There are 2 protein chains.
Amino acid sequence: MTEIIEDVENKPPLHEAIYKKLRLLLETGALAPGQALSLRNLAHSFEGSVTPVRDAVWRLAAEGALYIGPTRRISVPTLSRNQVRELMRVRALLEPEAAILALDNITPEIISQMRAYDAELNKAAMEGNVGEYMANNHAFHFALYSASNSDVLLPLIESIWVRFGPYMRHAYPDVAGMEGVEDHHAQALEALEKRDAIALKRAIKSDIGDGEQFLLHEME
Amino acid sequence: MTEIIEDVENKPPLHEAIYKKLRLLLETGALAPGQALSLRNLAHSFEGSVTPVRDAVWRLAAEGALYIGPTRRISVPTLSRNQVRELMRVRALLEPEAAILALDNITPEIISQMRAYDAELNKAAMEGNVGEYMANNHAFHFALYSASNSDVLLPLIESIWVRFGPYMRHAYPDVAGMEGVEDHHAQALEALEKRDAIALKRAIKSDIGDGEQFLLHEME
DNA sequence: GCTTTATATTTGTTATAACAAATATAAAGA
DNA sequence: TCTTTATATTTGTTATAACAAATATAAAGC
């Protein structure tokens with residue numbers, strides 16, 4: 001009998017979907033720092049049971065994206081000023097490295113893509129649209145880092161970014177006035193055009209420095 | 001009624017114990033790269049059910065210590081030469097940073113502790129005792145990094161080290177001949193005594209460079 | 001009104017069973 | 001002997017129920 005090989009929706013497991021959704025909620029700042037979560041509530045939200053939720057939660061906890069308290073309560077992590085500094089320090093170490101690796105594989109298409117993100121990002125900043133700003137800033141950076149083709153660096157950098165998510169939205173109620181005196185994104189783009197590795201590293205590093213100052217400033 | 005507050009064994013959850021044991025197996029090279037694991041076998045080994053095993057496995061998978069294949073099969077990760085290089089590069093970025101932070105909190109006790117580990121390490125190397133060598137090398141490095149008091153850097157560095165575990169034992173069948181021309185541990189200790197930050201960074205970085213060369217060499 | 005106590009609810013933990021997909025084994029064919 | 005097919009086994013996935021600890025709520029005492 002001739003069977004029709006439909007390759008019907010090779011559907012991913014529920015825990016995978018839950019992981020991605022939860023991660024997105026964290027990245028976009030939909031969840032506030034310190035906010036408590038419960039397995040049953042999450043299971044109900046995602047219309048599943050507690051088992052796949054546990055998988056997703058432990059995965060996120062291992063990345064530092066969720067916090068498991070001493071009494072095993074699940075919550076969105078709180079960051080101290082010192083932790084912010086150290087996380088930004090890690091960014092400043094890893095991301096220039098990824099950028100350098102990316103330089104070998106960069107294409108005009110990627111650069112113009114990044115320009116597009118940067119334009120959207122600036123527009124969003126002018127309009128005070130925090131969500132759009134964050135999304136495009138993320139896209140801008142990872143369009144670059146992805147070109148590194150590093151399955152080691154990328155997940156690490158991603159995991160650091162997720163940790164800032166909950167603070168970004170709440171720390172940036174108004175991004176309109178946040179343009180620094182220097183546009184480090186523009187500098188990065190220029191460095192990419194010129195294939196200037198050290199200028200690229202400097203631009204990325206400075207951009208991260210700006211982010212650190214701004215976040216720390218907004219934290220009080 | 002006077003209650004006797006015994007604070008009876010505030011026993012940790014099973015999934016925590018499983019996580020730690022599995023992690024130790026990986027760190028000490030008890031599990032070979034590529035080796036397959038199954039939830040039921042693990043559950044049976046740890047005399048528990050599948051649920052706590054899942055928690056532990058997903059946690060380790062998130063750290064890159066375990067690999068979940070495209071068909072969701074669980075296995076000990078395999079490292080390509082390129083991945084080894086990138087992981088070592090990350091070590092070379094993060095560990096000197098942790099060392100610098102540690103420099104502010106270093107005490108004579110920690111230094112002498114490190115000397116003790118280094119002595120044990122050298123003895124183990126002479127005797128060809130791989131397990132002892134690895135354990136003391138780990139202890140040496142983390143005695144230093146722990147002094148950084150960084151709950152950001154330490155877990156990150158730990159997660160990188162775990163990934164090498166499965167390769168260490170199988171790549172170092174004989175550590176007897178592995179002493180480099182320079183003893184970077186000794187240089188690190190000297191730098192600690194003198195509170196010489198840049199010498200400390202250089203020593204750590206060189207030590208990691210040695211490890212990289214050796215591992216790559218053993219990988220073919 | 002405030003603290004303390006008792007009760008009720010919610011929480012994470014764990015074992016189990018049923019299902020489907022993937023893999024391994026045995027059988028059959030060339 | 002080798003490839004193909006059929007069967008059996010193992011595998012991850014998911015929902016559920018029972019238990020214990022932690023938290024929240026209500027009641028009582030002062």
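Everything numeric in this text was worked out from a predicted model, so none of it was measured.
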Quick one: stems for DNA chain D, with Watson-Crick or G-U pairs under 3.5 Å, at least three in a row?
->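 Only these stems qualify: C:1-30 with D:1-30.
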Using a 4.5 Å cut-off on heavy atoms from C-beta on, say whether the side chain of B:F164 contacts that of B:E27.
->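 No; the side chains remain at least 4.5 Å from each other.
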Salt-bridge test for [X] and [Y]: reply yes if a basic N is under 4.0 Å from a carboxylate O, no otherwise.
X: B:E16; Y: B:R59; value: yes
X: A:E86; Y: A:R91; value: no
X: A:E63; Y: A:R163; value: no

Going 5' to 3' through nucleotides 11-18 of chain C and flagging B where a protein heavy-atom sits under 4.0 Å of the base, S where only the sugar-phosphate is that close, and - otherwise, we get BBBBBB-B
Sequence neighbours excluded - salt bridge (Lys or Arg N to Asp or Glu O under 4.0 Å) pairs with any residue from residues 96-110 of chain B =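 Pairs touching residues 96-110 of chain B that pass the test: A:R89-B:E97.
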Aromatic rings B:H217 and B:F214: how do their planes relate, parallel, tilted or perpendicular, breaks at 30° and 60°?
->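 B:H217 and B:F214: tilted rings.
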Measuring from B:L79:CG to B:M219:CE, what's the distance to the nearest 0.5 Å?
->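 Result: 6.0 Å between the selected atoms.
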